[in-house]
Amino acid sequence: MTAVPTNMPISGHIDPVPVPRPITEREDGRLDLLGLPKKQIASLFEDAGLDKKEAKLRAKQVYHWIYHRGVSDFEAMTDIAKTMRPWLTERFVIARPEVIEAQHSSDGTLKWLLRTADNHDYEMVFIPDETRGTLCVSSQVGCTLNCRFCHTGTMRLVRNLTPGEIVGQVMLARDALGEWPKGRMDNLGDESESDYSADGRLLTNIVMMGMGEPLYNFDNVRDALGIVMDGEGLALSKRRITLSTSGVVPMMDRCGEEIGVNLAVSLHAVTKDVRDEIVPINRKYGIEELLQACADYPGASNARRITFEYVMLKDKNDSDEDAHELVRLLKKYRLPAKVNLIPFNPWPGAPYECSTPERIRSFSNIVFEAGISAPVRTPRGRDIDAACGQLKTAAEKKSRAELDRIAAEKQAALG
Ligand code: SAH
Ligand code: SF4
């Protein structure tokens, strides 16, 4: 087995409840292979008694069946000897997250409430539009941060999702959308990589914008996305994947170097006072530090711009002065930037309201006239609470008093 991934210690901060091992334990004692790199699958096969050479070969075959074919039953792996298949089934499993509930929005958005093998609930959302289909993937159960406008931030229970639980979301979406190759399942040798691409599929893009802060679960997110981008894995281009962070500055460089996907930054405010209030991680890593890290982000260019997310909160961060200051900051750091204006999605007990459409338009125009694209995002899936920041599992509905207590605890921990 490879080393257990360590959770990053963040001083003065509530760390996620650690996942003791990269594979979540199952009641039946079998090991889940989903989300493990080929090498680790081979070493598990070796630990279970295969010799080195056979372990390597079987791992290659199994990996291919898992990610190119979506197969989760060893019996369907026709190029593996018949006698070998029950041996695998006894010891291993290729699991999917358990689906507790699937909801369809009137606008085509789909939301799934999922459960881990050790009974933690989390969510994922699929958002189709004319040109693409975007899967919004969670990285943690809940979030240790407490952005005041975000429903996920009011959840207390937090644990990092394992690579398997993260890749599992993509696998499940492919299952649900019927996107695995059909037809003969035993002609593996004939298939070339070019036969396997995102083209023509419903699921074309991935955004790490579900529950959680992906850069507080760096190792697992990196390993999961490694499989999603692997040509022998799910083979999705890194240009179609975006990771959104609230601004975990010390991890941004590694994100560019080791993951290499597009970056989105939840900026939301242009002054220290307001950002301290609505995105409390700002007290640790301030706006200027964050923008410098963006300027240094490996791989950012005019062709691959950084997205700045900006939630529109009435009378809080939405004035014309705020828009001018945003432009000034983005220009000061010469950032290849685009701005995504997100109308605030309300939730019960939320302390803010959404800006008026006129205000949002005026804000957008100012940014746009400065030469920076600033589209207003259409909220999707509002009727099923699937819109940005509304993800919060049914199991976690709390009273207002309890929400205030959790917020106070998290803020105290940020110091
Ligand atoms: N933790 C990461 C990624 C998940 S949040 C981050 O904060 O970037 C994905 C996006 O939704 C972020 O930009 C977040 O600020 C935004 N968001 C959260 N709550 C929202 C709400 N109620 N309305 C609109 N956008 C929201
Ligand atoms: Fe966490 Fe992102 Fe929500 Fe902030 S906006 S609480 S970082 S999920």
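From a predicted model like this one, the values you see are computed outputs, not experimental measurements. Read the numbers this way: they start at 1 and go in the same order the structure lists the ligands and their atoms.
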- Task: For atom 3 (Fe) of ligand 2, decide whether C150 has an N, O or S atom at a distance under 2.8 Å.
- Result: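 So C150 does bind atom 3 (Fe) of ligand 2 by this criterion.
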- Using distance alone, with no hydrogens and no angle criterion, decide if D276 and N282 have a side-chain donor and acceptor under 3.5 Å apart. yes
- Pairs in or reaching into residues 240-269: which pass ring pair (Phe, Tyr, Trp, His ring centres under 6.0 Å), with residues at least two apart or in two chains?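 Residue pairs passing ring pair (Phe, Tyr, Trp, His ring centres under 6.0 Å), neighbours aside: F149-H268.
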For ligand 1, which atoms sit closer than 4.0 Å to a heavy atom of [X]?
X: I342; answer: 24 (C), 25 (N)
X: F344; answer: 21 (C), 22 (N), 23 (N)
X: W347; answer: 22 (N)
X: G212; answer: 1 (N), 2 (C), 3 (C), 4 (C)
X: T245; answer: 6 (C), 8 (O)
X: C150; answer: 18 (C), 19 (N)
X: G210; answer: 4 (C)

- Message: Can you list everything that forms a side chain to side chain donor-acceptor pair (under 3.5 Å) with T245? Sequence neighbours excluded, please.
- Response: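 Counting only residues at least two positions away or on another chain, T245 forms a side chain to side chain donor-acceptor pair (under 3.5 Å) with E213.
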Please determine if [X] and [Y] form a salt bridge, counting it only when a charged side-chain N lies under 4.0 Å from a carboxylate O.
X: E288; Y: K332; value: yes
X: R359; Y: D318; value: no
X: E257; Y: R254; value: no
X: E46; Y: K56; value: no
X: D32; Y: R26; value: no
X: K272; Y: E277; value: no

- Item | Minimum non-hydrogen distance to atom 10 (C) of ligand 1, winning option of E309, M312, M211 |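 It is E309 whose heavy atom sits nearest to atom 10 (C) of ligand 1.
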- Message: I'd like the name of whichever of H268, Q140, M209 reaches closest to atom 14 (C) of ligand 1 through any heavy atom.
- Response: H268
Can you list the ligand 2 atoms lying under 4.0 Å from a non-hydrogen atom of [X]?
X: L145; value: 6 (S), 7 (S)
X: C147; value: 4 (Fe), 5 (S), 6 (S), 7 (S)
X: G153; value: 6 (S)
X: S246; value: 7 (S)

- Do other residues, nucleotides or ligands put more than 12 heavy atoms under 6.0 Å from F368 CZ? no
Applying a 4.0 Å heavy-atom criterion (strictly less than), which segment of [X] is in contact with ligand 1: side chain, backbone, both, or neither?
X: T152; value: neither
X: E213; value: both
X: N345; value: both

- Rounded to the nearest 0.5 Å, how far does SG of C136 lie from CD of E123? 10.0 Å
- Item | CA sep, side-chain torsions, deciding dist, call: R377, E309, salt bridge (charged side-chain N to carboxylate O under 4.0 Å, His left out) | CA-CA 10 Å; R377 235 200 246 169; E309 291 156 288; 3.5 Å; yes
- Message: Below 3.5 Å, N or O to N or O, backbone or side chain included: is there any such pair between F149 and ligand 1?
- Response: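 It does: an N or O of F149 is found under 3.5 Å from an N or O of ligand 1.
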- Task: Decide whether an N or O pair under 3.5 Å exists between H151 and ligand 1.
- Result: no
